[in-house]
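Worksheet: the structure to be examined is printed underneath.
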Amino acid sequence: MALTISYFAWVRERMGIGEESIERPVGVSTVADLIAWLAARDERGGLTFSEPGRVRAAVDGRMAGPGTALGRDIALFPPVTGG
Amino acid sequence: MIRVAVQDAAIDIAAELDIHDAGGHGASASFIGRVRGEGDLVELFLEHHPLLTEAGLADVAHVAADRWSLSALTVVHRVGAMAPGDTIVFVLASSAHRAEALAACEYLIDRLKTDVMLWKRERFVDGRSAWVEPREGDRKRAARWD
């Protein structure tokens, strides 16, 4: 199934792209699974996601935790600093 | 009336007050957050999500409007590049009485720092730039309202 991944702030800068679409790999069903898969995919992913605890996620427009099931799209980003 | 906006343009506080005050409210409380010019800062850049930033602001605004029975609420957050002194965020909450307006205003500014998809990057006079790290004090202030 297709999955659109968007990246923000330093996660975007380290990945070198704002968005990508992938076929969801077999065995990748949660946010934590995806982050581990991206970290193992290549060197950029490894550097970006070396500390998964520093990354937050939104799945299909809703804030998500590591155990949240994936949907059609996911945003990966650092803890927010607005205001 | 709840008005939520995420915008690149400078925040026009006089215009926002005019829109907000059309209803005639007993008590209004406001907060203005500006770019601090300390430590040779030349630019503050606010990155946002094209959909979820405004949706997140609207969520926080609706919770506040219900919790304190607000008669009107304005929340405007600027994004993109800003200079020291520029207004980053404007919150204006109105109710029949001051206690509700003041509490709602404080809630909104505390929560939008921890719940809304916005990221600050600072650029300094020597060309250095760095993403701002979340502050523990901000998290604690936001958690007081749980």
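By convention in this document, chain letters (A, B, ...) are assigned in the order of the sequence lines, proteins followed by strands, and residues within each chain are numbered from 1. Note that these values count all heavy atoms, side chains included, but never hydrogens, waters or copies made by symmetry.
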Inset, instruction - Side chain from CB out, backbone as N, CA, C, O: work out which of these in Asp138(B) comes under 4.5 Å of a heavy atom of chain A, or both, or neither. - result: neither

Legend entry - Sidechain N-carboxylate O distance under 4.0 Å for Arg111(B), Glu106(B): no

Inset, instruction - Establish, yes or no, whether the cationic atom of Arg12(A) lies under 6.0 Å from the six-membered ring centre of Phe8(A) and within 45° of the ring axis. - result: no

Legend entry - Nearest non-hydrogen partners of Arg144(B) and Arg141(B), listed with the distance: NE-O, 3.1 Å

Inset, instruction - Check the angle between the aromatic planes of Tyr7(A) and Phe49(A) and answer parallel, tilted or perpendicular using the 30° and 60° thresholds. - result: tilted

Legend entry - Exam field: side chain His20(B) to backbone Glu16(B), donor-acceptor pair closer than 3.5 Å: no

Inset, instruction - Tell me, for Leu51(B) versus chain A, whether the close heavy atoms (under 4.5 Å) come from the side chain, the backbone, both or neither. - result: neither

Inset, instruction - Answer with side chain, backbone, both or neither: which region of His48(B) has an atom nearer than 4.5 Å to a non-hydrogen atom of chain A? - result: backbone

Legend entry - Portion of Arg56(A) that has a non-hydrogen atom of chain B nearer than 4.5 angstrom: neither

Inset, instruction - Go through the atoms of Ala9(A) and report whether side chain, backbone, both or neither lie under 4.5 Å from a heavy atom of chain B. - result: both

Legend entry - Greatest number of heavy atom pairs closer than 4.5 Å to chain B - which of Pro78(A), Ala58(A), Gly61(A): Pro78(A)

Legend entry - Most contacts with chain A, counted as non-hydrogen pairs under 4.5 angstrom, among Arg135(B), His77(B), Arg121(B): His77(B)

Inset, instruction - Locate the shortest heavy-atom distance separating Thr114(B) from Ala142(B); write the atom from each residue and the value. - result: OG1-CB, 3.3 Å

